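The block underneath contains the structure these notes are about, expressed in structure tokens.
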Amino acid sequence: MLLKISLGLAILVGLATLYVSHFQVGGKINDLTEQLTTTKTTLEQTQQSEAKFKKESKDLRGQLDSTAKELGAATNELMAAQANAQEQRQRADKASTELTSVTAERNAAQEELNRWHL
């Protein structure tokens, strides 16, 4: 009789173990497997995004360097053009002053010439 009870108890314990391992642990294993798959997918997407952003960053850095060089060249050209404009302005002012004085001298000379003709 004790043997039958022990055998029945062993069968019940085995069935309880099977139930726990199949339904409770199996569900957790399936959940963890799904989480792992999701995590792997997310990781791959993140790595692809990172590679894309690194490439874009490198391209943008190259464009920035190119733009900085162009800005330096444009600044130098602007300084040269401003210096040339200042020089031309000085020449124009000098020519205007000379024109005014020569015109005054010419007018004076014509007045004197007109006096001699009268």
Side-chain angles (χ1 to χ4, degrees):
M1 174 89 165
L2 188 57
L3 184 61
K4 288 182 183 183
I5 294 174
S6 296
L7 184 59
L9 188 60
I11 291 173
L12 282 175
V13 169
L15 289 175
T17 304
L18 181 64
Y19 173 78
V20 168
S21 67
H22 182 68
F23 290 107
Q24 292 180 351
V25 175
K28 288 190 182 222
I29 289 174
N30 289 337
D31 290 342
L32 290 174
T33 303
E34 289 175 13
Q35 288 178 357
L36 178 62
T37 304
T38 304
T39 304
K40 283 182 180 180
T41 303
T42 304
L43 176 63
E44 289 173 3
Q45 291 173 350
T46 304
Q47 287 174 339
Q48 289 173 353
S49 295
E50 179 188 13
K52 177 184 171 185
F53 289 133
K54 281 184 179 180
K55 183 182 179 298
E56 288 177 359
S57 173
K58 185 178 179 181
D59 292 344
L60 289 175
R61 195 171 306 276
Q63 289 177 355
L64 177 64
D65 291 342
S66 173
T67 304
K69 288 178 185 177
E70 290 174 7
L71 176 63
T75 302
N76 291 340
E77 288 176 14
L78 176 63
M79 286 182 180
Q82 286 176 338
N84 189 17
Q86 181 65 26
E87 180 183 334
Q88 295 301 324
R89 186 174 294 120
Q90 289 172 349
R91 288 177 61 198
D93 290 343
K94 181 180 175 185
S96 176
T97 304
E98 288 177 3
L99 176 63
T100 304
S101 67
V102 168
T103 302
E105 288 175 9
R106 180 196 59 139
N107 290 342
Q110 280 183 342
E111 286 177 11
E112 189 175 328
L113 182 64
N114 284 338
R115 277 189 244 148
W116 281 103
H117 278 37
L118 293 175

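Being a predicted model, the structure only gives us computed values, none of them experimental.
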Taken in chain and number order and not counting sequence neighbours, the residues that satisfy salt bridge (Lys or Arg N to Asp or Glu O under 4.0 Å) with Lys54 are Glu50
Rounded to the nearest 0.5 angstrom, the CD1-CG distance for Ile29 and Leu36 is 12.5 Å
CG on Leu43 to CD on Gln48, rounded to 0.5 Å: 10.0 Å
How many angstroms lie between atom CD of Glu111 and atom CG of Leu113, to the nearest 0.5 angstrom? 11.0 Å
For Ile5, the other hydrophobic cluster members (4.5 Å side-chain criterion, sorted by chain and number) are Met1
Please list, one pair per line, the donor and acceptor atoms closer than 3.5 Å that link side chains of residues 56-64 to other protein atoms, with sequence neighbours excluded.
unit_1, atom_1, unit_2, atom_2, d
Asp59, OD2, Lys55, NZ, 3.3

side-chain contact (heavy atoms from CB on, under 4.5 Å) partners of Gln88, counting only residues at least two apart: Asn84, Arg91
Suppose we screen for side-chain contact (heavy atoms from CB on, under 4.5 Å). Which residues come up paired with Thr75, at least two apart in sequence or across chains? Leu71, Met79
Tracing side-chain links under 4.5 Å among I, L, V, M, F, W and Y, which residues wind up in one group with Leu15? Leu7, Ile11
Pairing residues for Asn76 by the side-chain contact (heavy atoms from CB on, under 4.5 Å) criterion, not counting sequence neighbours: none
Just how far is it from atom CG of Leu32 to atom OG1 of Thr37, taken to the nearest 0.5 Å? 10.5 Å
Once rounded to the nearest 0.5 Å, what's the spacing between atom CG of Leu78 and atom CD of Gln82? 4.0 Å
So, does Ser96 use its side chain to make a donor-acceptor pair with the main chain of Ala92 at under 3.5 Å? no
Applying side-chain contact (heavy atoms from CB on, under 4.5 Å), name anything that partners Gln86, two or more places apart in sequence or on another chain. Arg89, Gln90
Quick one: side chain to side chain donor-acceptor pair (under 3.5 Å) partners of Arg106, sequence neighbours excluded? none
Would you say Gln110 has more than 12 foreign heavy atoms packed within less than 6.0 Å of its CD? yes
Quick one: side chain to side chain donor-acceptor pair (under 3.5 Å) partners of Glu77, sequence neighbours excluded? none
